[in-house]
Amino acid sequence: MDIWRSLSGMLTAEITSADPSAALTAIQSAAIPIYDIEKAGDLTIRFRLSRRDKKQLKSIAEKRGDTLRFCGRQGVFWTMNGIVRRPVLLIGMAALLGISCWVPSRVFFIRVEGNVTVPTNQIIEQAQKCGIGFGASRREVRSEKMKNALLGVMPQLQWAGVNTYGCVALITVRERNDLEKPSEPPKVSSIIAIRDGIIRDLTVLNGNALCKPGQAVKAGQVLISGYTDCGICIQATHARGEIYAETQRELTAFFPTEYASRMRATGSQKKYSLIIGKKRINFFKGSGISCGSCAKIYKEQYVNLPGGFRLPVALVTEEYITYEQEPTVIDAGEQILYDFAKQYLAQRMIAGKICTAGETITPMEGICRLDGVYSCYEMIGITRIEESLTDYGKNN
């Protein structure tokens, strides 16, 4: 059945006649197109036709005295006709379609990561006050306005980012290292680069930008100055902004793939010594460590007098326990190094991600070495307090 016949609707008909061949001839003479003709019995034939020819077929069957029966419906027309005649189902489908279009555009769950000292519930509560709550629009949640509002109400956060994944809003934060409130007004500050890189994104909230996207900068270079030349005066302020750059990092890491594990204990030995003041008298020769498979338990027992006074005299007991060693080989050393490199680099960034990685694994005797070169997209700007013009005049 082609698409056009499906849209118009098809019927399956059975005609019982004394002369089935004559019945088919009469139908074809009336120019009624029929399809899939098959013999259902000695005097019965079955075929399909368009629903529009139903009345004409009935008329032909009545004139010939044949028995006509419709035993099936096919096509999109009958499916849609059945749905239209069921209003409850139609309303439910419309509601389901509306919900399917509306739900993905909203936020129903909030997750927080990156916080250590600031409670998660406090961040979620402040985020809801800023508009990041149940049923909030995903488009509004991802805006720069939301992120700045969250940083404004929570000064203990250094950076915050909001991303959405389906109906989940993920708030990624980085806490400030200095949580003490300044006892004096903030001094003039600038934002400098902590790493070499090529500027990709630049957002200046306060201060004078000294760089632009596409420019290569070096570590220590001033990116946003706290001083702005206004012509007749110089404005001093606290520079604020975000600078993301393309940087390159190199990493070399080692991981042991073969080592000896301790199994059951095979024996123990105790050795004693005496401590008098700062001197120590050993009652044995040597260090007491017989092999590398030993475990050492060290214990000091000082002489205590009544009243809680302790004399500077102690008996030292050193117990050495020997163990059987079994060689252990780790087959997943390469994957462990890959995971460590990603985690280590992410911790070294203020904010950002690894774009591309060129990693080389070199198997060595008992160890596995990783040499990697990583292209990163990260924030490279940090705040540096500048010497104010007043302080500069006093010092000179």
Output for pair (Met10 CE, Arg52 CZ), nearest 0.5 Å, gives 11.0 Å
| query | Would you say the side-chain atoms of Asn206 and Thr237 include a donor-acceptor pair closer than 3.5 Å? | reply | yes
Indicate yes or no: does Arg348 engage Glu378 in a salt bridge with an N to O separation below 4.0 Å. no
Answer yes if the side chains of Glu125 and Asn121 hold a donor-acceptor pair under 3.5 Å, and no otherwise.
-> no
Taken in chain and number order and not counting sequence neighbours, the residues that satisfy salt bridge (Lys or Arg N to Asp or Glu O under 4.0 Å) with Arg369 are Asp371
Q.
Any donor-acceptor pair under 3.5 Å linking the side-chain atoms of Gln301 with those of Thr317?
A. no
Should Asn115 and Ile123 count as side-chain neighbours, where that means a heavy-atom distance under 4.5 Å?
yes
query = Okay, side chain of Glu242, backbone of Met379: is any donor-acceptor separation there less than 3.5 Å?
reply = no
Could you go step by step and tell me if Glu246 and Cys376 meet the side-chain contact (heavy atoms from CB on, under 4.5 Å) rule?
CA-CA 6 Å; Glu246 179 181 342; Cys376 305; over 6 Å; no
Find out whether Cys368 and Leu337 are in side-chain contact, i.e. whether some heavy atom of one side chain is under 4.5 Å from a heavy atom of the other.
yes
I want to check a possible cation-pi pair here: Lys54 against Phe70, using under 6.0 Å from ring centre and within 45° of the ring axis as the test. yes
Heavy-atom nearest pair, Phe255 first then Ile336, reads CZ-CD1, 3.7 Å
Applied to residues 360-382, the ring-ring contact (aromatic ring centres under 6.0 Å, His included) test, sequence neighbours excluded, yields Tyr244-Tyr377
- prompt: Would you call Glu14 and Arg69 a salt bridge, using N to O less than 4.0 angstrom?
  reply: yes
How about Val173 and Trp159: do any of their side-chain heavy atoms sit closer than 4.5 Å? no
- Query: So do Arg195 and Arg249 actually touch side chain to side chain, heavy atoms under 4.5 Å?
  - Reply: yes
**Report entry** Short N-O contact, Arg280 and Glu318, less than 4.0 angstrom
**Finding:** yes
CD1 of Ile321 to NZ of Lys270, rounded to nearest 0.5 Å, is 9.5 Å
Let me see the working for Thr172 and Glu113 under side chain to side chain donor-acceptor pair (under 3.5 Å), right down to the final yes or no. CA-CA 5 Å; Thr172 305; Glu113 67 177 14; 3.2 Å; yes
- Item | Thr383 side chain reached by His238 side chain, heavy atoms, under 4.5 Å | yes
*Ser17 and Asp66: side chain donor to acceptor below 3.5 Å*: yes
Please answer whether the main-chain N or O of Phe47 pairs with a side-chain N or O of Glu38 as donor and acceptor at a distance below 3.5 Å.
no
Can you list the steps and then say if Asp196 with Thr247 is a side-chain contact (heavy atoms from CB on, under 4.5 Å)?
CA-CA 6 Å; Asp196 299 346; Thr247 63; over 6 Å; no
Do Glu386 and Ser189 have side-chain atoms, one donor and one acceptor, less than 3.5 Å apart? no
